[in-house]
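Data block below; observations after.
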Amino acid sequence: MAVTSKFHQECYRFLMQIPKGKITTYKELAKAMDSRAWRAVGSAMSNNPNLMTVPCHRVIRSDGRIGSYALGEAEKERLLIQEGIPVESGRIVNFQNFLHDWDLHQ
DNA sequence: GCTTTGACACTAA
DNA sequence: CTTAGTGCCAAAG
């Protein structure tokens with residue numbers, strides 16, 4: 001089985017801080033980790049060990065589009081709508097209003 | 001240890 | 001609006 005690198009663990013640790021109804025972008029998540037590895041963050045999501053505990057569906061693109069998901073974009077969109085995030089034409093409506101405010105004392 | 005691969009970001013056309 | 005090109009960084013080959 002794939003070794004979960006420290007970088008990936010950090011991704012999951014930060015991601016698990018995001019509550020239901022809030023979202024973030026790959027770029028913002030990397031920034032919270034004081035990194036610029038947006039793509040590496042995406043790779044970490046792809047290697048997501050547990051969809052139940054790691055809400056990777058709450059991570060979208062910086063341009064407001066849904067982005068990919070292990071179970072398909074349609075499923076990702078469905079989950080977001082279910083959590084109260086408005087989605088229209090595969091894009092989050094005013095996604096900036098739902099961005100998670102990272103805790104400074106993480 | 002260099003090259004290729006990605007659930008991305010940004011700009012230009 | 002979409003496509004093409006370039007940049008980004010970690011992980012895998």
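Sequence lines set the chain letters: A, B, ... in the order given, protein chains first and strands last, and positions in each chain run from 1.
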Worksheet item: Closest to the A/A40 side chain: B/dA7, C/dA11, C/dC9?
Response: C/dC9
Discussion item. Whether A/S43 contacts B/dG6 is assessed here as follows: a side-chain N or O lying under 4.0 Å from the phosphate OP1 or OP2. Is that the case?
Written reply: no
Worksheet item: Can you pull the salt bridge (Lys or Arg N to Asp or Glu O under 4.0 Å) pairs that have at least one residue in residues 40-59 of chain A, sequence neighbours excluded?
Response: A/R58-A/E83
Discussion item. On the side chain of A/R36, is there an atom forming a donor-acceptor pair with the base of C/dG7 - under 3.5 Å, no angle test?
Written reply: no
Worksheet item: From the list B/dA7, B/dA9, C/dA11, which nucleotide is the closest neighbour of the side chain of A/W38?
Response: B/dA9
Worksheet item: Could you state the CZ-P distance from A/R91 to B/dC8, rounded to the nearest angstrom?
Response: 14 Å
Worksheet item: So do the side chains of A/M33 and A/F7 get within less than 4.5 Å of each other, counting heavy atoms only?
Response: yes
Practice prompt. Would you mind classifying the nucleic acid contact of A/A37 as base, sugar-phosphate or nothing, using non-hydrogen atoms under 4.0 angstrom?
Written response: sugar-phosphate
Worksheet item: So how far is it from A/L99 CG to A/N97 CG, rounded to the nearest 0.5 Å?
Response: 8.0 Å
Worksheet item: With sequence neighbours excluded, what pairs up with A/R78 under the side chain to side chain contact (heavy atoms under 4.5 Å, CB included) test?
Response: A/E75, A/Q82
Item to complete: Report yes if a donor N or O on one partner sits less than 3.5 Å from an acceptor N or O on the other, where the partners are the side chain of A/Y26 and the base of B/dA9; otherwise report no.
Response: no
Worksheet entry | Contacting residues from residues 50-64 of chain A, given that a heavy atom lies under 4.0 angstrom of DNA chain B | A/C56, A/R61, A/S62
Worksheet entry | Passing candidate, side chain to side chain contact (heavy atoms under 4.5 Å, CB included) with A/V87, options A/I60, A/L79, A/I66 | A/I66
Fill in: Under 3.5 Å donor-acceptor, A/Y12 side chain and A/A44 backbone
yes
Practice prompt. Give a yes/no answer on whether the side chain of A/K27 brings an N or O atom under 4.0 Å of OP1 or OP2 in C/dC8.
Written response: no
Worksheet item: Within the structure shown, what part of the strands sits under 4.0 Å from A/F7 by heavy-atom distance: base, sugar-phosphate, or nothing?
Response: sugar-phosphate
